[in-house]
J.: 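Got a structure for you, written out below as C-alpha cells; questions coming shortly.
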Amino acid sequence: MANSPASWLMKTEPDVFGIDDLARKRVEHWDGVRNFQARNHMRSMKVGDQVLFYHSSADPPGVAGLARVCRDAYPDFTSWDPKSKYYDEKSTPDSPRWSMVDVEFVEKFLHFIPLDQLRQTRGLEDMLVIRRGMRLSVQPVTPKEFELICRLGRGG
DNA sequence: GCCAACGTTGGC
DNA sequence: GCCAACGTTGGC
C-alpha cells in the first residue's frame with residue numbers, strides 16, 4: 001500500500017449510539033453530521049481508515065474503542081427526509097449537502113480512556129479533542145497519537 | 001463581506 | 001443546568 005490508513009476521531013453520544021451499540025450492529029452509517037468541517041473530513045476518508053470511537057456528553061467523556069471506515073463517503077439520506085431530526089431543507093437527492101461514511105466495529109477498549117487521561121498523557125497535548133471549546137465532531141488524528149491511545153486502551 | 005445575533009456543542 | 005466557545009445566518 002502506498003499510503004497507510006489515516007486515523008480519525010469521531011464523537012458520539014453513548015446515550016444515542018455508543019461502542020456497545022456498534023459492537024452489536026457491527027456496521028453503522030454515520031449520519032447526522034451537520035458541520036462543514038466535519039463533513040469535509042468524512043469526504044476525505046477512505047475504506048480502511050482507523051477511527052477512535054469517542055463518547056461525548058458522557059460521564060466521563062473519553063475514547064471507548066476502535067472502529068474502521070468500511071464505506072467511502074456518500075450522501076447522508078437523512079438530510080432530505082422531512083421526518084428526520086437531521087432534516088435540512090437545503091439538501092436534496094439531486095444536490096446532497098451532507099455526507100456520511102459507514103464504520104465497522106473493531107474493538108472495545110479493555111480500558112476506557114477518559115478525557116482527563118488524554119489531557120495528562122505526554123504526546124497527546126496537540127489533539128484537537130482536548131482543546132477546550134473545540135467541538136469538531138470528526139477530526140484527524142496523527143499515527144503517533146493513534147498508536148499511543150491504542151496502547152493505553154489495551155493496557156499496554 | 002462585515003459582524004451581531006442566534007443556535008449548538010459538550011465539558012463541567 | 002450553566003455557559004464558553006464556536007459555527008452559521010442574515011441584515012446591512
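Here is the naming used below: chain letters follow the sequence lines, and residue numbers restart at 1 for every chain.
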J.: Using only atom types and a distance under 3.5 Å, with no angle test, would you say the side chain of Glu147(A) pairs donor to acceptor with the backbone of Lys144(A)?
T.: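 Side chain of Glu147(A) to backbone of Lys144(A), a donor-acceptor pair under 3.5 Å: no, none is there.
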J.: Could you point out which residue of Lys85(A), Arg34(A), Lys83(A) forms a side chain to side chain donor-acceptor pair (under 3.5 Å) with Thr78(A)?
T.: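 Among Lys85(A), Arg34(A), Lys83(A), the one that satisfies the side chain to side chain donor-acceptor pair (under 3.5 Å) with Thr78(A) is Arg34(A).
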J.: Do Lys46(A) and Asp49(A) meet the salt-bridge criterion of a basic N to acidic O distance under 4.0 Å?
T.: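 The answer is no: the pair does not qualify as a salt bridge.
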J.: Along DNA chain C, 5' to 3', what are the outermost nucleotides having an atom less than 4.0 Å from a heavy atom of chain A?
T.: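 The protein-touched segment is dA4(C) to dT9(C).
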J.: So if I take residues 8-23 of chain A and measure heavy-atom distances to DNA chain C, which residues fall below 4.0 Å?
T.: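 By residue number: none to list.
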J.: Considering residues at least two apart in sequence or located in another chain, which fulfil the side-chain hydrogen bond (donor to acceptor under 3.5 Å, both in side chains) criterion with Lys25(A)?
T.: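 side-chain hydrogen bond (donor to acceptor under 3.5 Å, both in side chains) list for Lys25(A), sorted by chain: Glu28(A).
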J.: Counting only heavy atoms not in Arg39(A), do more than 12 fall under 6.0 Å of its CZ?
T.: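 Count over threshold, so yes.
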J.: Give me the residues of residues 87-98 of chain A where at least one heavy atom lies under 4.0 Å from an atom of DNA chain C, by number, or none.
T.: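 Per residue number, the list reads Lys90(A), Arg97(A).
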J.: Under a 4.0 Å threshold between the charged nitrogen and the carboxylate oxygen, would Glu107(A) count as salt-bridged to Arg154(A)?
T.: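 Judged by the 4.0 Å cut-off on N to carboxylate O distance, Arg154(A) and Glu107(A) do form a salt bridge.
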J.: According to side chain to side chain donor-acceptor pair (under 3.5 Å), does anything in residues 90-101 of chain A pair up with another residue at least two apart or in another chain? List the pairs.
T.: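 Every side chain to side chain donor-acceptor pair (under 3.5 Å) pair that includes a residue of residues 90-101 of chain A, provided the two are not neighbours, is Arg43(A)-Ser99(A), Ser79(A)-Ser91(A), Asp88(A)-Arg97(A), Asp88(A)-Trp98(A).
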J.: Base, sugar-phosphate, or nothing for Arg131(A), non-hydrogen atoms under 4.0 angstrom?
T.: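 Nothing, no nucleic acid heavy atom in range.
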J.: Going only through I, L, V, M, F, W and Y residues with side-chain contacts under 4.5 Å, is there a path from Met45(A) to Phe146(A)?
T.: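 Not linked; separate clusters.
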J.: According to side-chain hydrogen bond (donor to acceptor under 3.5 Å, both in side chains), who are the partners of Gln117(A), at least two apart in sequence or on a separate chain?
T.: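 Not a single residue meets the side-chain hydrogen bond (donor to acceptor under 3.5 Å, both in side chains) criterion with Gln117(A).
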J.: Treat each ILVMFWY residue as a node, draw an edge where side-chain heavy atoms are under 4.5 Å apart, and state whether Val47(A) and Val51(A) are in one component.
T.: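 Different clusters: Val47(A) never reaches Val51(A) through Ile, Leu, Val, Met, Phe, Trp or Tyr contacts under 4.5 Å.
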